[in-house]
Amino acid sequence: MAPKKKVEGDAGKGEKVFKQLCAVCHSMNAHGTGPLLKGVVGSEPASKDGFSYSSSLQEVKSKKWTEANLDKYLKSPADYAPGNAMAFAGIPNAKDRADVVAYLKKNE
């Protein structure tokens with residue numbers, strides 16, 4: 001079986017998806033219900049000072065938020081980090097996830 005082709009993201013479209021699905025809890029500037037996400041790409045999970053993370057995210061701390069890991073997390077937060085506190089089912093559409101990751105990457 002051939003490997004899956006990577007879906008390329010569009011940061012402009014990702015900003016729109018972010019505003020629709022993520023901005024109710026997250027921002028790029030400050031912690032809210034969820035942690036701030038500026039600079040999340042390449043960082044360790046549960047690493048932003050001043051936010052109280054769930055123990056399940058603290059347990060995956062040895063991983064980095066790579067584009068691939070963010071894609072897996074955004075697809076199903078409960079599968080990636082069982083027991084995490086984010087009450088969000090995920091983004092089922094691969095293109096929408098790629099767009100959100102491109103937007104997050106733009107805001108490093």
Side-chain angles (χ1 to χ4, degrees):
M1 183 180 338
K4 288 184 180 179
K5 183 179 177 185
K6 181 182 175 192
V7 178
E8 293 297 321
D10 177 305
K13 290 179 181 176
E15 181 176 12
K16 291 176 185 174
V17 175
F18 182 91
K19 286 179 180 178
Q20 290 175 325
L21 301 178
C22 311
V24 67
C25 295
H26 295 280
S27 92
M28 295 297 165
N29 304 314
H31 297 308
T33 302
L36 72 98
L37 295 178
K38 184 173 183 73
V40 71
V41 179
S43 70
E44 291 184 2
S47 64
K48 299 287 184 183
D49 290 335
F51 190 81
S52 179
Y53 293 92
S54 63
S55 60
S56 64
L57 273 181
Q58 292 173 14
E59 291 170 9
V60 296
K61 197 167 183 173
S62 63
K63 296 181 182 179
K64 295 276 186 191
W65 281 130
T66 63
E67 292 176 53
N69 286 339
L70 283 165
D71 179 70
K72 290 176 193 173
Y73 184 69
L74 292 172
K75 183 176 183 180
S76 178
D79 287 342
Y80 188 86
N84 81 80
M86 189 161 87
F88 179 68
I91 303 172
N93 183 284
K95 179 65 171 130
D96 287 344
R97 289 192 312 273
D99 291 344
V100 169
V101 171
Y103 174 66
L104 293 173
K105 191 172 180 182
K106 178 183 166 191
N107 286 281
E108 292 182 315

Problem set entry | salt_bridge(K95, D99) N-O dist < 4.0 Å | yes

For this session: To the nearest 0.5 Å, tell me how far L104 CG sits from S43 OG.
Result: 10.0 Å

Exercise. Is the closest side-chain heavy-atom distance between K106 and M28 below 4.5 Å?
Worked result: no

Exercise. So, do K19 and Y103 sit near enough that their side-chain heavy atoms are less than 4.5 Å apart?
Worked result: no

Exercise. Are any of the side-chain heavy atoms of K48 and Y53 separated by less than 4.5 Å?
Worked result: yes

Exercise. Side-chain contact, heavy-atom cut-off 4.5 Å: Y73 with V60?
Worked result: no

Problem set entry | Approximate separation, where rounding is to 0.5 Å, of E15 CD and N107 CG | 7.5 Å

Seminar exercise, completed: Residues G9 and A102: closest non-hydrogen pair is C-CB, 3.7 Å

For this session: Consider only side-chain heavy atoms of I, L, V, M, F, W and Y, link residues closer than 4.5 Å, and tell whether F51 and W65 are in one cluster.
Result: yes

Seminar exercise, completed: For G90 and P77, the nearest pair of non-hydrogen atoms, with its separation, is CA-CD, 3.8 Å

Exercise. What is the minimum heavy-atom distance between N84 and S54, and which atoms define it?
Worked result: CA-OG, 3.5 Å

Seminar exercise, completed: Which of L21, V17, L74, V101 passes side-chain contact (heavy atoms from CB on, under 4.5 Å) with D96? It is V17

For this session: Just jot down the salt bridge (Lys or Arg N to Asp or Glu O under 4.0 Å) partners of K105, sequence neighbours excluded, or say none.
Result: E67

Considering only distance and modelled atom types, tabulate donor-acceptor pairs under 3.5 Å from the side chains of residues 31-42, sequence neighbours left out.
residue	atom	partner	partner atom	Å
H31	ND1	L36	N	3.1
H31	NE2	D49	O	2.8

Exercise. If you take all heavy atoms of A81 and S56, which pair is closest and at what distance?
Worked result: O-OG, 3.6 Å

Exercise. What distance separates L70 CG from Y80 OH, expressed to the nearest 0.5 Å?
Worked result: 7.5 Å

Exercise. Is there a donor-acceptor pair closer than 3.5 Å between any side-chain N or O of D79 and the backbone N or O of S76?
Worked result: no

Problem set entry | Expected output: side-chain N69 to main-chain K64 donor-acceptor under 3.5 Å | yes

